[in-house]
Amino acid sequence: MRRLILILAAILALIGAIPASAVALPAAAPTTAPPPGGPQTVGIRLVDVPVSLKDDPRAYQYIVDHLAPGTTISRHVEITNNTPSPQEVQLYAAAATIAGGSFLFGAGQAANALTGWTTVSPPSVRLAPGTSSTATVTIAVPANADVGEQYAVVWAQLAAAVPSGGGVTSVNRVGVRMYLSVGTGTAPVTQFSITALQARRAADGSSLVVATVNNTGGRAIDVSGSMLMTNGPGGLSAGPFSAQLGTTLGLGQVEPVEVPLSAAIPRGPWNAQMTLTSGATTVTASATITFPEAGATAAAPVKTASASHGSGQMPLIVGAGVLVLLLVLGAFGWARRRGRRRRAAVVESPEVAELVGPSVR
């Protein structure tokens, strides 16, 4: 019985090792390209990622989370001075919206509900050339917050000195986007579809393919991906061609995603296969397209479509669960067989019964 208890304890230790919280987080990458003017700028990047979102590439670029009303979290950003002179950097959160396929930044320190819940500490840092500093971004969702998704940006801002004679002051800022979903239970699903592909010819003669993307899930999406063309004239294949970056869709929005091509691409017909990704969700769709001499063809409905939502940790958990079940059953069978042998020994030898009896009861 003692050995059985030890085995069960080991099994429980194994179960306790399964959750994702035991997985170390890799370092985050810079989140925002520097403004025009080369590398002599101020940069900002995330330095921590929630373990629950470790499989979501967007969580390494942006502050992405799903919080229940009344919840408070803290995230951290690193600000770096890449200029040759000391800089005073202001840190604050400002409102953002999603429209027309773009993540739109509010002017100045525009406010919305999310910025009212967000504080950045310290509100400013003074950095010597080539140095960095870390700031804490705290989001405190009030208990009476409305359910839904909110958008904002954590900005690191440099303001040029006002000219002595007055005039226009330039402001440079770089930031980290914030996508916050508010609600109880698990996070809404990230889900979208490619409903059609359209072949077009630009005025300069170049070709492009436009995918119609529909955000059918409960989170905003940032779309990237590529297209491969096969079964073209004479069995030609071409690509993959990268989709234009920067397309963002809010909840329920439908927007085009363009893939620019060379004017040398034959008219077709082609089998175009588009693969687009947002975070851990990937959607693939294909359609037969033919490029027009000019203008655009009718949008071609997709022939096939598939979606995947990342591997996550479910297979690991299921596999570990099966292993635990087998270990439990094996330990139980071993204990029963050992118990039978011990009971037989008790019948044959009263001396053994005195030694074994207390541990068998």
Side-chain angles (χ1 to χ4, degrees), residues 31-32 53 56-67 93-107 110-115 145-154 175-183 185-200 208-227 242-260 272-287 289 296 298-302 304-310:
T31 60
T32 306
L53 296 175
D56 185 348
R58 289 206 316 165
Y60 292 82
Q61 295 181 292
Y62 313 130
I63 297 177
V64 181
D65 222 322
H66 172 71
L67 301 178
T97 58
I98 297 175
S102 298
F103 192 93
L104 304 176
F105 310 130
N112 62 9
L114 178 52
T115 62
D146 292 335
V147 172
E149 194 162 67
Q150 301 274 349
Y151 313 111
V153 184
V154 175
V176 174
R177 298 184 188 184
M178 301 172 66
Y179 296 78
L180 181 69
S181 168
V182 177
T186 58
V189 175
T190 297
Q191 184 172 286
F192 64 96
S193 62
I194 303 170
T195 58
L197 298 178
Q198 185 182 50
R200 296 182 183 178
L208 70 154
V209 175
V210 180
T212 301
V213 180
N214 183 7
N215 183 0
T216 58
R219 301 302 305 266
I221 58 175
D222 295 288
V223 180
S224 62
S226 62
M227 183 187 68
S242 297
Q244 288 187 343
L245 298 178
T247 302
T248 301
L249 284 78
L251 309 187
Q253 294 181 358
V254 180
E255 295 291 343
V257 174
E258 296 184 354
V259 179
Q273 184 179 77
M274 183 81 71
T275 300
L276 298 177
T277 297
S278 177
T281 300
T282 297
V283 173
T284 299
S286 65
I289 60 172
V302 298
T304 60
S306 62
S308 63
H309 300 280

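Here the structure is a predicted model, which means the values were calculated and not measured. Heads up: numbering here begins at 1 and tracks the sequence. Side-chain atoms are counted along with the backbone in the values below, which use heavy atoms only and exclude waters and symmetry mates.
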Output, in order, the C-alpha distance, side-chain angles, deciding distance and verdict of side-chain contact (heavy atoms from CB on, under 4.5 Å) for Val176 and Ile63. CA-CA 7 Å; Val176 174; Ile63 297 177; 4.1 Å; yes

Under the side chain to side chain donor-acceptor pair (under 3.5 Å) criterion, do Thr282 and Thr277 qualify, and how do the steps go? CA-CA 4 Å; Thr282 297; Thr277 297; 3.0 Å; yes

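Atom CD in Gln253 sits 9.0 Å away from atom CD1 in Ile221 (nearest 0.5 Å). Atoms CG and OG1, on Leu197 and Thr212 in that order, are 7.5 Å from each other to the nearest 0.5 Å. A distance of 11.5 Å separates CD in Glu258 from CE in Met227, rounded to the nearest 0.5 Å. Going from atom CG of Leu180 over to atom CG of Asp65 covers 6.5 Å, rounded to the nearest 0.5 Å.
Heavy-atom minimum distance, Ile289 versus Ala272: CD1-CB, 3.7 Å. Pairing each heavy atom of Ala280 with each of Pro57, the nearest pair is N-CD, 3.8 Å. Ala211 and Ile194 get closest at one heavy-atom pair: CB-CG2, 4.1 Å. The two atoms that bring Leu251 and Glu149 nearest to each other are CD2-OE1, 3.8 Å, heavy atoms only. Across all non-hydrogen atoms, the minimal contact from Pro256 to Val210 is CB-CG1, 3.5 Å. A pairwise comparison of heavy atoms in Thr186 and His66 identifies O-NE2, 3.3 Å as the closest pair.
With sequence neighbours excluded, the residues satisfying ring-ring contact (aromatic ring centres under 6.0 Å, His included) with Tyr179 are Tyr62, Phe103, Tyr151.
With contacts defined as side-chain heavy-atom distances shorter than 4.5 Å, the pair Met274/Val209 qualifies. Residues Thr195 and Val302 have side chains not in contact (no heavy-atom distance under 4.5 Å, counting atoms from C-beta outward). Here the side chains of Gln244 and Val259 are not in contact, with every heavy-atom distance at 4.5 Å or above.
Checked by atom type and distance alone, the side chain of Asn215 pairs as donor or acceptor with a backbone atom of Gly250 at under 3.5 Å.
No hydrogens or angles considered: a donor-acceptor pair under 3.5 Å links the side chains of Thr248 and Asp222. No side-chain donor-acceptor contact under 3.5 Å links Thr190 and Thr281.
The only option from Leu245, Leu276, Thr247 that meets the side-chain contact (heavy atoms from CB on, under 4.5 Å) definition with Ser224 turns out to be Leu245. Checked against Met178 for a side-chain contact (heavy atoms from CB on, under 4.5 Å), the options Val153, Val64, Val154 give a single hit: Val154. Of the candidates Val213, Asn214, Leu249, Asn214 is the only one forming a side-chain contact (heavy atoms from CB on, under 4.5 Å) with Val254.
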